[in-house]
Number of protein chains: 2
Amino acid sequence: MRRSVETALQVCPVEVGVAVLGGAWKLTIVKHLGKRPHRFGELGRAVGTVTPRVLTRQLRELEADGLVSRTVFAEVPPRVEYALTDLGETLRPAVAWLDDWGATYAEAHAGETHE
Amino acid sequence: MRRSVETALQVCPVEVGVAVLGGAWKLTIVKHLGKRPHRFGELGRAVGTVTPRVLTRQLRELEADGLVSRTVFAEVPPRVEYALTDLGETLRPAVAWLDDWGATYAEAHAGETHE
DNA sequence: CAGTATCCACAATGATACTG
DNA sequence: CAGTATCATTGTGGATACTG
């Protein structure tokens with residue numbers, strides 16, 4: 001178990017979710033993988049302006065936490081596919097709920113820009 | 001709107017939830033406030049070993065994000081009560097879900113300690 | 001009681017350049 | 001294509017001490 005997850009658990013189980021999904025882009029990654037498996041570059045374009053280094057790290061952590069699987073195809077050019085594991089699939093309702101909640105929140109706070 | 005929330009929103013609405021709940025202790029704070037309002041010190045003891053400085057910061061951010069209200073009573077000794085706002089209450093199902101999910105995750109990974 | 005003031009430490013993101 | 005290497009930066013969290 002990753003250290004941050006373990007730390008979260010010592011505080012309260014309720015914190016574990018954000019420990020595994022709290023990284024930059026992670027929820028967005030899971031949201032996209034929830035639709036269908038993605039290749040590395042494809043995923044990068046889907047989530048936005050993320051550098052390869054950061055995307056790799058997020059994926060490795062999601063993999064370490066058991067939410068995402070990584071499949072390497074022995075082809076030229078190289079192909080690597082990322083997909084949700086069964087455990088990752090269990091997050092589907094939470095992701096959908098958060099997506100809605102965030103959209104509602106955004107709408108309620110529309111126009112408030114940080115100066 | 002806090003900058004981190006604004007940044008999250010630019011990425012994807014799904015990230016807003018972790019932006020407002022992602023701080024250390026924040027979910028635990030919300031979970032406790034979901035039971036009943038708490039005073040500052042009371043909250044500190046409830047969530048665990050958190051320093052006043054950090055607890056204050058988390059509460060101020062939750063307040064800025066509209067999830068928590070802060071009520072000062074003009075008494076001696078001073079009394080300040082924190083409670084969930086209506087918006088904060090809307091997080092209740094998510095908090096309950098995350099609590100369950102985290103507990104299940106912990107049980108499934110019991111014994112795996114980070115070396 | 002309910003904080004604030006300093007200072008420090010570190011993990012995590014990001015930019016850039018390079019490779020099997 | 002799918003990454004890795006290096007470096008710079010910064011936001012958070014934490015320890016300690018002090019105050020209205």
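The sequence lines fix the lettering, A, B, ..., with proteins before strands; numbering per chain opens at 1. These numbers were taken from a predicted model, which means no experiment stands behind them.
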Which whole-number value in Å describes the distance from [X] [atom1] to [N] [atom2]?
X	N	atom1	atom2	answer
A:Gln10	D:dG13	CD	C1'	16 Å
B:Leu59	C:dA2	CG	C1'	11 Å
A:Glu61	C:dA12	CD	C1'	9 Å
A:Leu55	C:dA15	CG	C1'	16 Å
A:Arg60	D:dA2	CZ	P	12 Å
A:Leu62	C:dA12	CG	P	13 Å
A:Glu63	D:dA2	CD	P	15 Å
B:Arg57	C:dT4	CZ	C1'	14 Å

Residue list, salt bridge (charged side-chain N to carboxylate O under 4.0 Å, His left out) with B:Arg70, at least two apart or on another chain =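 None.
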
Where along residues 28-45 of chain A does a heavy atom fall under 4.0 Å from DNA chain C?
->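 Output list: empty, so none.
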
State, with a plain yes or no, whether a side-chain heavy atom of [X] is found less than 4.5 Å away from one of [Y].
X	Y	value
B:Val14	A:Thr28	yes
B:Val47	B:Val50	yes
A:Leu62	A:Val20	no

Answer with base, sugar-phosphate or nothing: what part of the nucleic acid does A:Gln58 contact at a heavy-atom distance below 4.0 Å?
-> sugar-phosphate

For B:Tyr82, which contact category applies under a 4.0 Å heavy-atom criterion: base, sugar-phosphate, or nothing?
-> sugar-phosphate

Is any side-chain N of the basic residue among A:Glu15 and B:Lys26 closer than 4.0 Å to the acidic one's carboxylate O?
->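 Looking at A:Glu15 and B:Lys26, the cut-off is not met.
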
Report yes or no: does A:Tyr105 contribute a side-chain atom to a donor-acceptor pair with the main-chain N or O of B:Asp65 at less than 3.5 Å?
->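 The answer is yes, because a donor-acceptor pair under 3.5 Å joins these two groups.
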
Sidechain-backbone polar pair: A:Thr85 side chain, A:Leu67 backbone, donor-acceptor under 3.5 Å =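 Yes.
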
Please produce a list of atom pairs where a protein N or O lies less than 3.5 Å from an N or O of nucleotides 14-20 of chain D.
unit_1	atom_1	unit_2	atom_2	d
D:dG14	OP2	B:Trp25	NE1	3.2
D:dG14	O6	B:Arg53	NE	3.0

Counting Watson-Crick and G-U wobble pairs whose two distances are both under 3.5 Å, find the runs of 3 or more in a row that involve DNA chain C.
->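 If one scans DNA chain C for consecutive Watson-Crick or G-U pairs, the stems found are C:1-20 with D:1-20.
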
Would you kindly say whether B:Arg2 and B:Ser4 are connected by a side-chain donor-acceptor distance under 3.5 Å?
-> yes

Residues in side chain to side chain contact (heavy atoms under 4.5 Å, CB included) contact with B:Thr90, at least two apart in sequence or another chain |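 Only A:Trp101, B:Leu87 meet the side chain to side chain contact (heavy atoms under 4.5 Å, CB included) criterion with B:Thr90.
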
Please figure out whether A:Ser4 or B:Val80 has its closest DNA chain C nucleotide nearer the 5' end.
->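 Residue closer to the 5' terminus by nearest nucleotide: B:Val80.
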
C:dC10 OP1/OP2 closer than 4.0 Å to side-chain N/O of A:Arg3 = no

B:Leu59, B:Val72: one ILVMFWY side-chain cluster at the under-4.5 Å cut-off?
->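 Same cluster: B:Leu59 reaches B:Val72 through Ile, Leu, Val, Met, Phe, Trp or Tyr contacts under 4.5 Å.
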
Kindly indicate, with the supporting measurements, whether the criterion salt bridge (charged side-chain N to carboxylate O under 4.0 Å, His left out) is fulfilled by B:Glu6 and B:Arg3.
-> CA-CA 5 Å; B:Glu6 203 169 345; B:Arg3 192 176 48 77; over 6 Å; no

Please output the side-chain donor-acceptor pairs of residues 36-46 of chain B that fall under 3.5 Å, not counting sequence neighbours, one pair per line with the distance.
unit_1	atom_1	unit_2	atom_2	d
B:Arg36	NH1	B:Glu42	OE2	2.8
B:Arg36	NH2	B:Glu42	OE2	3.3
B:His38	ND1	B:Arg36	O	2.7
B:Arg39	NH2	B:Pro78	O	3.3
B:Glu42	OE1	B:Arg39	N	2.7

